[in-house]
There are 2 protein chains.
Amino acid sequence: MKLNDITIKDIAERANVSKSTVSRVLNDLAIVNPKTRQTVLEAVESLGYQANVFARGLASGRSMTVGIVTQKIGSPFYDMMMQGVIQGFTGTGYSPIFVDGQWEQSTELDVIRTLLGRKVDGLILLGGDISQKDLDTLRDRLPTIVVGRDVPGWENQCVYVDNFSGAYDATRHLIEFGHRNIAIIRGITHHQDAIRRFQGYAQALSDASIELDPDLVLDGNFSAQSGILAINSLLMRGKSFSAVFCANDMVAYGARLALQRKGIRVPEDVSIVGFDDQAESSYVSPPLTTVRQPGVEMGGVAAKGLVKLMQGETCELPVMKAELQRRESVSRITTP
Amino acid sequence: MKLNDITIKDIAERANVSKSTVSRVLNDLAIVNPKTRQTVLEAVESLGYQANVFARGLASGRSMTVGIVTQKIGSPFYDMMMQGVIQGFTGTGYSPIFVDGQWEQSTELDVIRTLLGRKVDGLILLGGDISQKDLDTLRDRLPTIVVGRDVPGWENQCVYVDNFSGAYDATRHLIEFGHRNIAIIRGITHHQDAIRRFQGYAQALSDASIELDPDLVLDGNFSAQSGILAINSLLMRGKSFSAVFCANDMVAYGARLALQRKGIRVPEDVSIVGFDDQAESSYVSPPLTTVRQPGVEMGGVAAKGLVKLMQGETCELPVMKAELQRRESVSRITTP
DNA sequence: TTATTTACTGAAACCGGTTGCAATCAGGTG
DNA sequence: CACCTGATTGCAACCGGTTTCAGTAAATAA
């Protein structure tokens with residue numbers, strides 16, 4: 001906890017060399033006599049020198065910071081990814097700067113502009129809505145990785161989870177347990193994840209020769225409140241159903257509560273599955289069967305990958321698997 | 001989404017003035033002829049000029065970034081505060097850099113050093129463990145605000161919630177509902193918040209002339225898992241109890257689950273109250289009675305306050321009130 | 001009319017690094 | 001011994017702003 005106004009010049013004097021030599025030692029980008037090198041390093045050590053980031057940035061053009069654009073800080077899945085990103089960058093010398101795009105194109109472009117203004121060396125977009133065109137422009141400008149979004153043509157700069165198969169597995173699980181009338185509460189209509197999950201759901205039904213009943217398809221917005229609303233309107237319709245596949249865990253929480261308020265038990269009367277597997281889901285009542293998104297891993301993978309990109313190497317990014325976590329919110333249907 | 005390598009020199013040429021004048025207009029720290037000013041601004045506008053942060057930082061010493069030290073990204077309360085911090089800074093021109101101290105003194109000092117190396121203009125510590133001495137040193141060096149921690153002598157640089165009275169109110173609520181045998185699952189032993197909450201609990205009991213029974217005091221670590229463990233060991237002791245005050249909501253979730261697993265109903269058999277009021281708590285079963293910590297507000301207040309400090313003004317920081325949210329996890333005791 | 005301000009503006013010196021280019025030095029070669 | 005090489009190292013020119021200081025022209029005071 002000590003401050004220092006030691007500059008490279010001080011080091012140079014102390015070691016009896018020129019600024020240039022000190023700089024070379026520090027960045028080892030040229031051959032320096034081992035003995036000189038040693039002297040310089042000792043001077044650095046004993047004076048507790050730390051390079052001034054501004055000067056370095058101004059001269060070299062690199063900032064050693066990366067911009068992270070997230071959507072809705074405070075939502076469980078994005079928080080997991082952020083956590084992973086931070087972990088992924090610790091020890092690499094890069095510092096992440098976080099900004100919030102709030103799921104709004106214009107806001108997102110704004111904050112990206114801010115980041116560019118700050119001369120970040122790379123960019124990680126967690127989700128987001130901006131157009132492929134903007135994305136491509138961005139990529140031309142600096143190393144960029146998109147997480148939680150599958151962008152055509154970005155094969156090795158995308159980390160995303162296979163929403164389709166996750167939803168497929170979840171729905172299939174319900175079907176295997178005897179459910180035929182499976183409602184779905186979708187996420188935000190134009191949201192890519194939401195669309196994929198719906199497709200997985202539809203495919204699973206179709207593969208089991210169950211006709212998709214439009215009356216069992218409800219719209220939501222990923223919030224618990226929207227789960228409540230959806231269940232209420234579903235009950236109004238009077239259609240019978242024995243299971244609900246929810247866009248995410250928060251929606252599932254809302255759905256469960258709404259059902260309970262009407263005296264409908266979960267899972268005895270109606271089964272529920274969610275998506276995300278946020279931390280709370282193991283402990284709610286009943287513990288929620290859900291599809292686990294490896295948010296932390298995704299963030300970590302993205303960070304490590306970006307570091308490689310920024311160093312001019314290429315990187316391979318794995319497609320993350322969304323795995324079903326079977327818990328207690330789904331029960332077997334005994335007799336129809 | 002357009003890149004620009006426009007420098008102040010380009011603006012100067014375009015407007016037929018010197019770099020100095022452009023700089024003056026941009027920072028309006030000297031009188032400039034309105035007409036000249038206008039010309040410069042037009043040039044800036046039409047070329048889409050954006051100042052280079054490195055150059056500005058190097059010359060002025062200010063970075064327009066602030067460091068935010070958090071503990072455990074991904075934990076609900078810290079996430080709320082982060083969210084508030086981000087909101088608080090948007091539009092101020094300052095960008096937050098987040099680092100994670102992980103509730104470890106040495107890590108925390110490390111990351112703070114990193115931030116200092118990045119020449120942040122100010123610091124917000126969300127929670128944390130570092131010594132008052134280090135804190136004081138830090139404060140001498142640059143504007144600093146501590147959130148979620150009550151530091152003696154830092155009257156206007158601390159944002160914290162009154163844990164004592166929050167816990168007091170929660171316990172008192174249980175007492176008013178007829179409970180006498182109230183267990184408590186504490187947070188991490190040396191954690192200040194945990195200590196205050198325990199004191200509030202103890203005081204409420206004492207004020208109601210209920211003797212504090214050491215057998216009803218359990219230790220936990222703020223995790224759901226620790227709630228489960230605590231309940232199990234409480235049940236082993238064979239002591240009877242009708243209510244549990246939990247260190248935070250996650251612990252309450254765990255506790256509820258553990259009780260249910262033993263066939264004990266909440267709230268019919270045992271009442272539970274938590275602390276935090278994280279987003280899920282309204283929707284779990286039963287909706288959790290808990291003490292609301294205004295995390296987002298706290299983060300926002302801290303950010304706004306820090307901006308004032310960085311501008312050389314003083315700031316007044318309110319003590320945040322922790323308010324009891326009455327929901328359905330507490331029931332009246334009818335007959336003993 | 002002349003002396004003084006006042007209002008603006010420009011030149012140039014930083015800020016603390018990086019980097020291209022030239023210079024120096026030691027060892028090897030003919 | 002003169003010449004050539006490669007290894008090292010220093011000089012000085014940036015990078016793109018901010019800020020001090022001096023200078024000019026117009027305005028006010030004497």
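Naming convention: chains lettered A, B, ... in sequence-line order (proteins, then strands); numbering from 1 in each chain.
Minimum heavy-atom separation, S95(A) to I97(B): CB-CG2, 4.5 Å.
Remark: C1' of dG17(C) and CG of D10(A) are 13 Å apart, rounded to the nearest angstrom. In this structure, I31(B) places its CD1 atom 20 Å from P of dT24(D), rounding to the nearest Å. In this structure, K35(B) places its NZ atom 19 Å from P of dA7(C), rounding to the nearest Å. Rounded to a whole Å, the CZ atom of R37(A) is 11 Å from the P atom of dT9(D).
With sequence neighbours left out, E108(A) forms a side chain to side chain contact (heavy atoms under 4.5 Å, CB included) with V69(A), Q71(A), I112(A), D129(A), I130(A). Partners of R149(B) according to the salt bridge (charged side-chain N to carboxylate O under 4.0 Å, His left out) rule, which considers only residues two or more places apart in sequence or in another chain, do not exist here. Residues satisfying the ring pair (Phe, Tyr, Trp, His ring centres under 6.0 Å) test with F54(B), not counting sequence neighbours, are none. Take N27(A) and apply the side chain to side chain contact (heavy atoms under 4.5 Å, CB included) test, not counting sequence neighbours, and it matches S23(A), L29(A), R56(A). Listed by chain and number, the residues in a side chain to side chain contact (heavy atoms under 4.5 Å, CB included) with L26(A) are V22(A), V44(A), Y49(A) (sequence neighbours excluded).
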Report, as a single string ordered 5' to 3', how protein heavy atoms within less than 4.0 Å touch nucleotides 10-23 of chain D: B base, S sugar-phosphate only, - not at all. BBB--BBBBBBB--
